[in-house]
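Naming: A, B, ... by sequence-line order, numbering from 1 per chain. What you are looking at is a predicted structure, and each value in this text was computed from that prediction instead of being measured.
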Number of protein chains: 2
Amino acid sequence: MTILRNDRTVPPGREVPDATVARLPVYLRALNALAEAGTPTCSSVDLAAAAGVNPAKLRKDLSHLGSYGTRGVGYDVEHLRHEVARAIGQTQDWDVVIVGVGHLGTALSSYQGFSTRGIRIVALVDADPTRIGTTVAGLEVEPVDRLPAIVAERGIRIAVVATPGAAAQEVADVLVAAGVTSILNFAPAHLEVPNGVDVRKVDLSIELQILAYHQQRRADETEATA
Amino acid sequence: MTILRNDRTVPPGREVPDATVARLPVYLRALNALAEAGTPTCSSVDLAAAAGVNPAKLRKDLSHLGSYGTRGVGYDVEHLRHEVARAIGQTQDWDVVIVGVGHLGTALSSYQGFSTRGIRIVALVDADPTRIGTTVAGLEVEPVDRLPAIVAERGIRIAVVATPGAAAQEVADVLVAAGVTSILNFAPAHLEVPNGVDVRKVDLSIELQILAYHQQRRADETEATA
DNA sequence: ATTTGTGAATGTCTTCACAGCC
DNA sequence: GGCTGTGAAGACATTCACAAAT
């Protein structure tokens, strides 16, 4: 009998690489689709195709979680789904506050995809007095000075910043002071946060600008060939 | 006298790495801020701080475009801004069509940040008959069967897909057939496209799920230490 | 004296290719 | 026979540290 740290098995290697973590939700989505279609089992090739990645990469990614496949057979969809869900913390729901209820914040509040992925939007906050008290996606918009109280009361650890760029740093400071340790930032600004706080940035303009870059290169090349 | 390929100087190394391309828009934004503040010159340390990256990384990134700094002095803000803008194709405006005018598509249509970054939303398309003919952000929503015509008429090369996941692949096929070669995909689905077509994916649920993963790890650790 | 531009070193991610197991 | 799990190789990205330039 081996010694256990706690009630669940300790994954072998520990420390899943960042690149892998970023893909696990994609695999989980593909597994959900397979499960709904009634597929009982799948190979790494099948699953990789559904997720849009190289099969070797998929296998290496999964190997960081443990050894859940059967050689010569493949993966049991239901079992793997359960293990991946556990690995990324989807066995519980995470309460999230959205700061900034402009067009983007409103869209995020109403986004259907969150609830089935363990994300629960539980509060909306804005600085604009004309928005406060209005109802968006079934939630009342609260004033920004209530933010520390909201975070504390509900034990919120994850926040979305969808304010204008100029307000983002100030909001982030308030969030961090209140106890938030994970921020998803849609504002076009770099957020400075203390160690131990996680920031992910989504920048809509930048995504299109990157596409424009490649588009331009294509245009330059065909021009040169012509 | 060296031989020139065409009227502008050919960048020395060619082929800017992907990771660099993804950061160039960030640098451009920081340079714009410096220019507006009236700063005439800046060092790599200054600019890196504004962009939130390591100075050595910034210098290596810029070195892929050319040699636009002065040793012992730094970079001329206005000049560097111009060069970075040219590198990422921001000297011209790119016409973009948005497919899917739900909450997210509407938010994107109204997004203020695009116009100043060379992105022009010129058409909106949806499959829902109740939305067709309505005006969103000053544009009339057109039916999805007009998509090929819209792309062809305006010579559109970049499209945004903001449909439900189930419709995304079909829309992508139509876009590619019509001549689009760059797609920004917000739908929660993997798009299969021919070689030569560029797809970038933004998945809002996944971003939050990645944060939740790290959040869970933090919780597990403090629990183990306690 | 100061700051760029860059070879070299390090770190990280991806892909190959096959041993090991069913 | 078929498929997983993984060591080893390769590709790519980041960071260091310093020579070259003003």
Rounding to an integer number of Å, can you tell me how far [X] [atom1] sits from [N] [atom2]?
{"X": "A/Leu58", "N": "C/dT15", "atom1": "CG", "atom2": "C1'", "value": "13 Å"}
{"X": "B/Asp76", "N": "C/dT4", "atom1": "CG", "atom2": "P", "value": "13 Å"}
{"X": "A/Arg71", "N": "C/dC18", "atom1": "CZ", "atom2": "P", "value": "16 Å"}
{"X": "A/Arg59", "N": "D/dG7", "atom1": "CZ", "atom2": "C1'", "value": "13 Å"}
{"X": "A/Tyr75", "N": "D/dC3", "atom1": "OH", "atom2": "P", "value": "12 Å"}

Are A/Arg217 and B/Glu15 close enough for a salt bridge, meaning some N to O gap below 4.0 Å? yes
Look at B/Ser67 and C/dG5 and indicate whether a side-chain polar atom (N or O) is within less than 4.0 Å of OP1 or OP2. yes
Between A/Asp61 and B/Leu62, who's closer to the 5' end of DNA chain C by nearest nucleotide? B/Leu62
From the list A/Val161, A/Thr163, A/Val160, side-chain contact (heavy atoms from CB on, under 4.5 Å) with A/Phe186 holds only for A/Val160
We want to know whether [X] and [Y] form a side-chain donor-acceptor pair, criterion being a heavy-atom distance below 3.5 angstrom.
{"X": "A/Asn32", "Y": "A/Glu36", "answer": "no"}
{"X": "B/Ser182", "Y": "B/Arg200", "answer": "no"}
{"X": "A/Ser44", "Y": "A/Arg59", "answer": "yes"}

For the backbone of B/Tyr68 and the side chain of B/Glu83, can you confirm whether one donor and one acceptor N or O come within less than 3.5 Å of each other? no
So, does A/Ser109 use its side chain to make a donor-acceptor pair with the main chain of A/Gly105 at under 3.5 Å? yes
Atom pairs under 3.5 Å, N or O on each side, protein against nucleotides 8-13 of chain C: can you list them with distances?
unit_1, atom_1, unit_2, atom_2, d
C/dA8, N6, B/Lys60, NZ, 3.4

Which residues in residues 31-56 of chain A have at least one heavy atom lying under 4.0 Å from any atom of DNA chain D? A/Ser43, A/Ser44
